[in-house]
Protein chains: 2
Amino acid sequence: MASMKDVARLAKVSVSTVSRVISRSVPVDEKTRLQVEKAIRKLQFKPNLLASGLRSKSGQVIGLAVPEILHPSFNAIIKYVEESVRSEGLQLILGNTHNDFEIEAQFIESLVRRHVDGIIFSRVSDQSSILHVVNKSHVPVVVLDRALDTEDIPTVVLDNYKAGVLAAEHLVMLGHRKIACVAGHSNILLSRERLSGFSDTLRQHGIQLGHDRVYEGNFRYETGKEAVQKFFTDGVEITAIWAQSDLIAFGAMAELERMGIAVPESISVMGLDDIEFARIAVPALTTVKQPFEDMCRKAVELIMLQTRKEKLPSKRFVLAPELIVRNTTRSPRGSL
Amino acid sequence: MASMKDVARLAKVSVSTVSRVISRSVPVDEKTRLQVEKAIRKLQFKPNLLASGLRSKSGQVIGLAVPEILHPSFNAIIKYVEESVRSEGLQLILGNTHNDFEIEAQFIESLVRRHVDGIIFSRVSDQSSILHVVNKSHVPVVVLDRALDTEDIPTVVLDNYKAGVLAAEHLVMLGHRKIACVAGHSNILLSRERLSGFSDTLRQHGIQLGHDRVYEGNFRYETGKEAVQKFFTDGVEITAIWAQSDLIAFGAMAELERMGIAVPESISVMGLDDIEFARIAVPALTTVKQPFEDMCRKAVELIMLQTRKEKLPSKRFVLAPELIVRNTTRSPRGSL
DNA sequence: TTGTAAGCGTTATCAT
DNA sequence: ATGATAACGCTTACAA
C-alpha cells in the first residue's frame, strides 16, 4: 500500500505538505494542493489509521460495552450508537460483557490501549471498572441507560420515574384498580425509580400498590412467567400488570396464555422499552417507549464534547419516555 | 501512561528485552524476565496497541459487516462473532451497511486502513466491494450466511436445500397436502436453494408446489402479512405455510390472526432461523434452526487460518440445519 | 506557504 | 541472551 512518502515523492513535495493537504488544518497553496491530490488519486493512497492514531493519540474509534447482545433493548442501543458513531466519522468496537466485571475490565483495558476516543457503557456491572478508566486513563466515558447514583460521570438515562407515571396513568384511566407490577431488582436504581413513579401515581388515585402486587426479578422473559405464577399461587386478584420491560411482559403473557387467561380480555398487560417485537407481536403490546435513538445520539455527542475538551452543560441527561397504546390493554370487565 | 522505555529503564534492561518478555517469542533469562515483569507491574504498563499494530501490521481487530443490526438473525450473528473473536484475543469492529454498497465500501476501507486481521461479511450487497478488498488489500475475508455463487471466497453457509427438505418433510409427515411457501427474492441464491429443497421433497411425496402457492418477498415481517393476503385474495386453499424466515412466519401469523384464522388449528405455520422470539412467542414457533453459533465460530476460525497463511481445507463450509418442532404446526383438520 | 526533523511506542534486524 | 538501532507511517514544532 502506498504511503505518504510515495505520494510526496510523486507530487514532488514533502510529506508534511501531503499531511496538510489531507488534514486541511493549515492553508496549502492551491497549485500544490492539486498536485498532491492528483498523486493521492493516482496511488490510491489511504492514510494508515494506526500510524495517525499513534501519533495523534486518537484511534478514531469509540467502544461500546453492553451486558448482553441478544437482548432487544441492547440491540436497539447497538444499532443507534453505531449510527451516531459513523456519522461522526468514527468506527465502533463492540464488546459483550455478559455482566461479568472481569470480562468488562478486560474489554475496557484493550480499548484504552487502543486509544479509543471514548467509551460508552450500557448498563455497567456493579463492580464496574468505570471509575478506574475515568481516573487512570483520561478516556471520555458516558454511561447509558443505567445511572450510577453515586458517581459523577456523564450519564444519559430515561426518566424512569416518569415511565412509571405514564404506565400508572394509562391503567388508571382505563379503570383498573387491581394492578400489579413486575419490577427489576430493587438494588438497581432504575427499577426503584420506575416503581416509585408507578406506585406514587396509583396512590394519587387512591390505589395502594401492596407488596403482594409487586414481583421483583430481572428484566428477562422468565421473570414474567415467574411473576404470574407467584401472583396466582398467592391468590392475588389482578386485572392489569405493568412489566418493567417488554420481555417481562411477553413472559407474563405467555404464562397467562398457558393458564387460559385472555389478554387483554381478562387481564391487561403493558411493558416498557418498545422493542421491535412489541409492534409485531399479536396482540401488539401496549408499552412505554424508551427513546433509544435520542439516548444513543446524546451519548455519542457527550463523548465528542469531552474529546474536544468542552465543558458539558450538565452531567446527567434525562430523556422522556412516551406512552404507546396498542392492543394488550383495555378497560377491565364490568367497568364503564 | 508508562511506555516500554519506562519499563526498560526501571528494570535496567533494553526496550527490546522488555518486548521479548511480553511477546515471549524468544527465550529470556529467568532472572531478567522476573525483573522486567516486576517493573511492568509496578508501572502498570500496558502495551500500546496502535504502536504494536503499526509495527507488526496487525490491528488486533476483525471487522464484521451486517446489513441491518435490528434483525434477530443478525443479532445472533453479532453475538456469536463477538464471542469467537474475543476468544481469539481480538476485538470486534461492527458496521451496519444498511444494504447500501457505498456505506459498505466506506466501512471496508476504514477497516483496511486500520489493518484489521480479517473481515466477515454477513450478507453482502450485490454490488459488494468484497472483490476489491480481496484483490487490492490482502485482508482475509469470509462471507457468512449468504454465499456468492460466482466467487472464490471462503464462505460459511447453511445447507439451505436441506432446510427446505426438513420443512417439507415435517409438514408432509403431519399430513398436510395443501402447502404454501413464502420465500425470499429468487435472485438470492439461498432463497432458490431453500425453495428447491422444499418443492423437490413435496414432489417426492406427490405434491406439486404450484406458482400460486409460492409468494416471493424479502425476509421481513411485512412479507408474511402480504403473502397471506395474497393467498386469500387469490382464493388459494392452504393448510400449512413454510416461511423462509421466522420474521416472515410471525408476519403471516399476525395476518392470519387478524383474519380470525387460528394457528395451528386451521393453518400450520413454520419458519426458518430459530430466533429468540420463536421460543418465546405464544404459540411458540415451529422452525428450522440455523446453527448461528457454529457458523460464526467457523467464520472466525477461517479468518485466523488465513491470517496464519494456512491453506484452507475447503473454500465452502456448509452447516446443517435442524428441525425444531414447537406449537405452530399440527395435523390438518380432518386428517388422522 | 513549505520543508526538515523529531517523535509517537512498538517490533525486527543485526550485532555482540 | 541481550542491546543498539532502524524502521512502521504519520503529525507537528520549528525553521526557512
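Nearest heavy-atom pair, A:T97 versus A:P67, reported as atom, atom and distance to 0.1 Å: OG1-CA, 3.3 Å. Here the shortest heavy-atom pairing between A:M295 and A:V156 reads O-CG1, 3.7 Å. Taking each heavy atom of B:L94 and B:F107 in turn, the nearest pair found is C-CZ, 3.8 Å. The minimum heavy-atom distance linking B:L64 with B:I78 is given by the pair CD2-CA, 3.9 Å. What you find for B:T307 and B:D117 is that their closest heavy atoms are OG1-O, 3.4 Å.
In this structure, NZ of A:K12 is placed 17 Å from C1' of C:dT2, rounded to the nearest angstrom. Taking atom NE2 of B:H115 as the reference point, atom P of C:dT11 lies 16 Å away to the nearest angstrom. In this structure, CD of A:Q60 is placed 12 Å from C1' of D:dC10, rounded to the nearest angstrom. Between A:L43 atom CG and D:dG9 atom P the separation is 14 Å, expressed in whole Å.
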Kindly indicate, with the supporting measurements, whether the criterion side chain to side chain donor-acceptor pair (under 3.5 Å) is fulfilled by B:S14 and B:T17. CA-CA 5 Å; B:S14 71; B:T17 301; 3.3 Å; yes
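When the options A:M304, A:K309, A:Q306 are evaluated for a side chain to side chain contact (heavy atoms under 4.5 Å, CB included) with A:P140, the one that passes is A:Q306.
Listed by first and then second residue, the salt bridge (Lys or Arg N to Asp or Glu O under 4.0 Å) pairs that reach into residues 36-50 of chain B are A:E109-B:K46, B:R33-B:E37, sequence neighbours excluded. Pairs of residues two or more places apart, or lying in two chains, that qualify as salt bridge (Lys or Arg N to Asp or Glu O under 4.0 Å) and include a residue from residues 49-76 of chain A are A:E68-B:K79.
Listed candidates were D:dC10, C:dG3, D:dT5. Nearest to the side chain of A:N48 is D:dC10. With C:dG9, D:dT12, D:dC10 as the choices, the nucleotide that has an atom nearest any side-chain atom of A:K57 turns out to be C:dG9. Considering only the side chain of B:R55, D:dA7 comes nearest among D:dA7, D:dT12, D:dG3. When distances run from any side-chain atom of B:A51 to the nucleotides C:dG9, C:dC8, C:dA5, the shortest one goes to C:dG9.
Residues of residues 1-11 of chain B having a heavy atom closer than 4.0 Å to DNA chain C, listed by number: B:S3, B:M4. Listed by residue number, A:R20, A:P27, A:V28, A:D29, A:T32 are the residues of residues 20-40 of chain A with a heavy-atom contact under 4.0 Å to DNA chain C.
Between B:S14 and B:S56, the one whose closest nucleotide on DNA chain D sits nearer the 5' end is B:S14. Each of B:L54 and B:S16 was assigned the nucleotide of DNA chain C with the nearest heavy atom; the assignment lying further toward the 5' end belongs to B:L54.
The overall bend of the helix from C:dT1-D:dA16 to C:dT16-D:dA1, read as the angle between its terminal helix axes built from five base pairs each, is 40° when rounded to 10 degrees.
Proximity of B:S19 to the phosphate of C:dT11: a side-chain N or O atom is located under 4.0 Å from OP1 or OP2. Contact check, B:T17 against D:dG3: a side-chain N or O comes under 4.0 Å of OP1 or OP2.
Here A:R297 does not pair with A:E301 in a salt bridge; the nearest charged N to carboxylate O distance is not below 4.0 Å.
Residue B:S52 is in sugar-phosphate contact alone, with no base atom involved, counting any heavy-atom pair closer than 4.0 Å across all strands shown.
Checked by atom type and distance alone, the side chain of B:N75 never pairs as donor or acceptor with a backbone atom of B:S73 at under 3.5 Å.
Every residue two or more places apart in sequence or in another chain that forms a salt bridge (Lys or Arg N to Asp or Glu O under 4.0 Å) with B:R9 is listed here: B:D6.
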